[in-house]
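Notes to accompany the following structure.
Quick note: numbers below take in every heavy atom, side chains included, and nothing from hydrogens, waters or symmetry partners.
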Amino acid sequence: MEFQQSKLLDTLPKQFFASLVAKVNHKIASGVDVINLGQGNPDKPTPDYIVKSTQKWVADPATHKYSPFQGLPEFKTAAADFYAEKYGAHFDPEQEVAILGGSKIGLVELPWALMNPGDTYLLPDPGYPDYFSGAALGEVKFETVPLLAENNFLPDLKAIPEAVAKRAKFFYLNYPNNPTGAVATKEFYAELVAWAKKYHVGIISDFAYGALGFDGQAPLSFMQTPGAKDVGIEFYTFSKTFNMAGWRVAFAVGNKDIIGALNLIQDHLFVSLFPALQRAAIDALKDPQRDGEIAKIVGRYEERRNAFVDAAEKIGWHAFVPKGTFYAWMPVPKGYTSESFADLLLDKAGVAVAPGNGFGEHGEGYVRIGLLIEPARLKEAVARVAKLHLFD
């Protein structure tokens, strides 16, 4: 027997990262020593204090039962306390916090919970590819908003046509930004809140790289901005802050109507997270070792950023120097597209990078570098690129 997938699944965008991984694996299988700069997966283990906490909670029979549908109240309180401590933003744990099995779930399910077929939301271009999956699954429309180098990869709100702003229900933003490494400013967020109120647009802040800021500057949370809770929410994941990508633990905070809708749809899709993981997440947020471990992670990425950017500069490959995340956004040399340049590096240098067009139309002309290997290996990758004489 054969069973045909639904028409809805036929509308889903091609999984960009899956095809990239397949190309890299094929090259490795042929015997090439590939330096993989195309990935976005933290390469170091989860801090030991979190691992030990999880082991303790997994062994506790009390965690072997179903979680409350909307998560443990203690986890919600810990999330609210974390935001109050780090960002001076205050939330009611019951009405303004949602527990998530990774922030991707919340970002993709939001159109189901808060939009109707045919509604429109705004997505950044370039941006995280899975934002487009949410549009397809929710049967909603989207308009893209360019992120351009001349504006430090912040959206120009004044350039959004009024007709587009008036019909938009939500606007997804992601700072520190994947793929560019750009960060938001207080001035931009204040302007964004005013714009959102003017056009009645909900702001969805994807704060996945919220802990990863360089040069002594902690990234701003959108929720630090006066009025932010009136207009939107923010997603916070443990994946990057705590090297917990595979654990799938996250939460959202903010506007109670948006949070309430997310909690309701999750009542029908999940029974929250394994309680032991929720208990470990509480410990991750509250343990005295937290800030020291985060500082080690940030310091490691900053060292790698400096090693890569400095090496690239010496061969004439000029970066948009990232102020956050673990990526570098690099221009493509003349005569190449993002895709052809990425293919050339993989074929001729054994260096894998993510072509910028995979992140949207305005990602064309760039490639994304993942700073997820040690400095010596990053320098070796640049040395291999140098031998191609593309930037002489």
Side-chain angles (χ1 to χ4, degrees), residues 8 11-14 16 106-180 182-208 220 222-223 225 227-235 252 254-255 257-258 261-262 329 356-366:
L8 178 62
T11 69
L12 291 175
K14 184 179 179 182
F16 165 63
L107 291 160
V108 172
E109 76 189 357
L110 187 140
W112 288 348
L114 287 145
M115 301 179 72
N116 297 309
D119 285 348
T120 298
Y121 64 175
L122 306 181
L123 299 178
D125 181 3
Y128 179 48
D130 284 331
Y131 296 157
F132 300 101
S133 303
L137 290 170
E139 298 181 296
V140 301
K141 300 176 182 178
F142 64 86
E143 299 273 357
T144 58
V145 178
L147 307 183
L148 304 176
E150 54 263 36
N151 203 37
N152 292 315
F153 297 107
L154 292 169
D156 183 353
L157 300 177
K158 297 181 181 66
I160 298 173
E162 189 160 16
V164 171
K166 284 182 175 179
R167 70 172 177 269
K169 291 195 73 172
F170 294 98
F171 188 2
Y172 278 38
L173 291 168
N174 163 226
Y175 293 100
N177 181 256
N178 174 17
T180 68
V183 297
T185 63
K186 288 183 180 179
E187 295 76 15
F188 169 72
Y189 275 153
E191 182 187 5
L192 180 63
V193 168
W195 179 89
K197 289 182 175 180
K198 178 180 178 180
Y199 293 107
H200 200 74
V201 177
I203 302 302
I204 309 303
S205 171
D206 176 5
F207 202 35
L220 292 173
F222 174 61
M223 289 296 153
T225 310
K229 190 164 67 172
D230 296 334
V231 301
I233 67 169
E234 185 159 86
F235 290 98
N255 182 276
D257 294 335
I258 302 175
L262 288 177
W329 192 233
N357 64 316
F359 301 91
E361 177 185 345
H362 287 88
E364 181 55 62
Y366 295 90

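- Here the side chains of Ile204 and Tyr121 are not in contact, with every heavy-atom distance at 4.5 Å or above.
- Between Phe153 and Tyr366, the ring planes lie perpendicular to each other; the angle is over 60°, past the 30° to 60° tilted range.
- A 4.5 Å side-chain heavy-atom check between Ser205 and Tyr175 finds every atom pair outside the cut-off.
- Annotation: side chain of Val145 is in contact with side chain of Phe171 (closest heavy-atom distance under 4.5 Å).
- Under the 4.5 Å side-chain criterion, counting only non-hydrogen atoms from C-beta, Arg167 is not in contact with Lys141.
- Counting only heavy atoms from C-beta outward, the side chains of Leu137 and Trp112 approach each other to under 4.5 Å.
- Side chains of His362 and Leu147 form no contact here, defined as non-hydrogen atoms less than 4.5 Å apart.
- Judged by distance alone, with hydrogens and angles left aside, the side-chain atoms of Tyr199 form no donor-acceptor pair with the main-chain N or O of Glu162 at under 3.5 Å.
- None of Leu262, Asp257, Ile203 except one satisfies the side chain to side chain contact (heavy atoms under 4.5 Å, CB included) rule with Ile233; the exception is Leu262.
- Judged purely by atom type and a 3.5 angstrom limit, Asp119 uses its side chain to pair as donor or acceptor with the backbone of Asn116.
- In this structure, Leu192 and Phe188 have side chains that are in contact, with non-hydrogen atoms separated by less than 4.5 Å.
- In this structure, Phe207 and Phe222 have side chains that are not in contact, with every pair of non-hydrogen atoms separated by 4.5 Å or more.
- The CG atom of Asn174 sits 10.0 Å away from the OH atom of Tyr128 when rounded to the nearest 0.5 Å.
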